[in-house]
2 protein chains.
Amino acid sequence: MSAKITIYDIAKKLNITAATVSRALNNNPKISEKTRILVNETATKMNYKQNKLAQALKSGKSYNVGVIVPRIDSNFFASIIRGIEEELYAQGYHVIICQTNNNENMEIENINTLLNAQVDGILMSISNVSIQKNASFNRLLAKKIPLLFFDRKKNIEGVSSVTVNDFEAGYKATKHLIDEGCKRIAHLSNDRLFDIFKDRFLGYKQALIDNGLEFDDNLVIEIKSSIEDGKMATKQLLNMKNPPDAIFSSSDWSALGAIQELKSQGVKIPEECCVVGFSNEPFTEFMELSISSIEQFPVEMGKQAAKVFLEQVNNGADFTTEKKIVLTPKLHIRDSSSRRLALNKN
Amino acid sequence: MSAKITIYDIAKKLNITAATVSRALNNNPKISEKTRILVNETATKMNYKQNKLAQALKSGKSYNVGVIVPRIDSNFFASIIRGIEEELYAQGYHVIICQTNNNENMEIENINTLLNAQVDGILMSISNVSIQKNASFNRLLAKKIPLLFFDRKKNIEGVSSVTVNDFEAGYKATKHLIDEGCKRIAHLSNDRLFDIFKDRFLGYKQALIDNGLEFDDNLVIEIKSSIEDGKMATKQLLNMKNPPDAIFSSSDWSALGAIQELKSQGVKIPEECCVVGFSNEPFTEFMELSISSIEQFPVEMGKQAAKVFLEQVNNGADFTTEKKIVLTPKLHIRDSSSRRLALNKN
DNA sequence: TAAAAAAATGCAATCGATTACAGGTAAATA
DNA sequence: TATTTACCTGTAATCGATTGCATTTTTTTA
């Protein structure tokens, strides 16, 4: 009944060859108008649908793209994927999702299975800081299929990337805190082997220096991005003889943890301690005490990444000069760091 | 240099045929131990990787599964996809993401392109209430490839689904509000052509009836799931001569809008008006005034959906009896509806 | 009307892997 | 030693679509 219809079925019905059918369906100019119309009508009538798998095997193009992220259930990554999907769908591509859960082996494994599945490209946010030392990864590079980093990138020759200017973001956030009158600004960092965290840290440091504030190593704590870690680090900071009067966190989740800890210890926000987070997760805006945060425009980031990918596949393999797209971050100033405003009110 | 290695390359090198290579690699018992080892070693040495596309064409199994959701950048759907991906990846499947943006045509188009791509199954949350009347959709059913609904389902013969018990959820939420002493409970509903919204509404209504409260049509407003609509509807409710003392919203976003509107009009939450949302979005928990909400266990929902899919593909086409898995929702009682507690405090 | 040019279609190989069936070799049995 | 049996491996078709080259059909030109 619903046996799959192929071009051979159409050919048989019309007493012509599959070659002709194929050409007619693909608007090959060598086919007569009469045949073309006849074939197309018959195809519609028989409910023919092209088998993309067969086409992919023949042409070497699967029209599938792999996207590898640490996890999909974070607003940031989900938004990037949304951007990628929307941009690529319009060009006939499908997006295959892979999650690493920040597991380095999983990342390598994902790359391998995606390559086996013959994807036309891989867009990823790396989970593995030393990925360029990996054999599988180098095979990927050697294959000349487009590879793109977004957000968490590594500087690797020939690999394009779309990121936000993390240095600028760190600088902006810190400068803002300084402008609000803060003098001892702590920084909740993360693994600085990742460029994103290193750059946020460097921007933070530079802003301090540029504005005549002392940089104090003890005010920088390296943690994971979680509420728990944010609490813990804040506890540690508050225990110092000279506690900070502001916290710039490289994650909204640790910023939230910091706020919870500050509140539980009765520290007034923003009067006694300001907080700025990172990523502009939805909740930062909705809190009663809304959290200042850096917006990275993830949907746009995804779209840009998709566009660079499209350029690369369309221009063939001669994309030797990598493209580094850097978006400008935006600081959303909210309650958690509006110190001057709060002080003036009192 | 990195030309693709096929079984023919291995065959040539060893002076045997591709058939033997294929059998050796697949551990076919008819192959001698010696050859098997030799082939495997050579394959590793030559860095051979199986072309899944060719295998898929031959076997008719692509090991790709399509997932269609309204949008991916919502915590709820992203979590479901996370669950699906984790469960299916372990079995060698890849997940292809499609977004409909609640556009009915997009949904049909997605089904078609996924079928053309020869996916082994489709898991979806429907955007289209009258989908069963669509020709493409019926072609999908006729193809006998596993189809599964999650969350937004339709009762269609032969189609399995994984959902949460929305009736129970609506009932629980409403009962809770009644227990808190609320007498006039409003309901922010949504398009009740969708079962999920209809069931939440019915649960709400039944709870009222069972507890001797009058059901008032005017207290039920049908809106979209957004902050704006939540505000608007709440404004409307507060304008009534006899405004409600509780709002049960079928979405966290409209619940948030409701809260914002209540606050801006100086209505005390939960003392003068309680609010319960739906979906347990992360922000509901983090708000200063945390929002009570219904948890639907989306990751679990995704995993269950994946499992049902696996059962169906593995059992061949004889999955005539559909499976309807219904998860039990959980009500998280938080500040926004803890009326008795708040009243006792004063 | 015959020959040349142009247009349309067919033939067969290809993409890479799998598998029913046939064929060959070595070991076991008579 | 001749023959059966078991064990391996090879041949060739297949999945569905595409395409260079050959061939046939139609049209144009002499």
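The chains referred to below are lettered A, B, ... by the order of the sequence lines, with proteins before strands, and numbering in each begins at 1.
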Sorted by number, the residues of residues 53-65 of chain B with heavy-atom contact under 4.0 Å to DNA chain D: B:Leu57, B:Lys58
Donor-acceptor under 3.5 Å (A:Thr42 side chain, A:Leu38 main chain): yes
Residues within residues 11-27 of chain B bordering DNA chain C, heavy-atom distance below 4.0 Å: B:Ala19, B:Ser22, B:Arg23, B:Asn26
D:dA17 phosphate, OP1 or OP2, under 4.0 Å from A:Tyr48 side-chain N/O: yes
B:Asn110 and its side-chain contact (heavy atoms from CB on, under 4.5 Å) partner, picked from B:Ser136, B:Cys98, B:Ser127: B:Cys98
With sequence neighbours excluded, residues passing salt bridge (Lys or Arg N to Asp or Glu O under 4.0 Å) with B:Arg152: none
Whole-Å distance separating the CD1 atom of B:Ile7 from the P atom of D:dT9: 15 Å
A:Asp191 side chain to A:Leu193 backbone, donor-acceptor under 3.5 Å: yes
Any donor-acceptor N/O pair, B:Gln118 side chain to A:Leu53 backbone, under 3.5 Å: no
Full working for side chain to side chain contact (heavy atoms under 4.5 Å, CB included) between A:Asp120 and A:Ile145: CA-CA 6 Å; A:Asp120 293 342; A:Ile145 78 163; over 6 Å; no
Separation of atom CD in A:Glu33 from atom C1' in D:dT26, rounded to whole Å: 17 Å
Spacing of A:Tyr8 atom OH relative to D:dT18 atom C1', expressed in whole Å: 9 Å
Flag, side chain of A:Lys52 to backbone of A:Ser62, donor-acceptor distance under 3.5 Å: no
B:Lys12 atom NZ: more than 12 heavy-atom contacts under 6.0 Å: no
Under 3.5 Å donor-acceptor, B:Arg23 side chain and B:Asn28 backbone: no
Helix axis bend for the helix from C:dT1-D:dA30 to C:dA30-D:dT1 - C1'-based end axes, five pairs, 10° rounding: 60°
Sub-4.5 Å side-chain heavy-atom contact between B:Phe309 and B:Gln91: no
Separation of D:dT26 C1' from A:Lys30 NZ (nearest whole Å): 16 Å
Passing option when A:Ile72 is tested against B:Glu85, B:Glu86, B:Arg82 for side-chain contact (heavy atoms from CB on, under 4.5 Å): B:Arg82
Nucleotides bounding contact with chain B, strand DNA chain C, heavy-atom threshold 4.0 Å: C:dG16 to C:dA20
Enclosure of A:Lys13 NZ (heavy-atom neighbours >12, cutoff 6.0 Å): no
Sequence neighbours excluded, every pair satisfying ring-ring contact (aromatic ring centres under 6.0 Å, His included) that has a member inside residues 102-151 of chain B: none
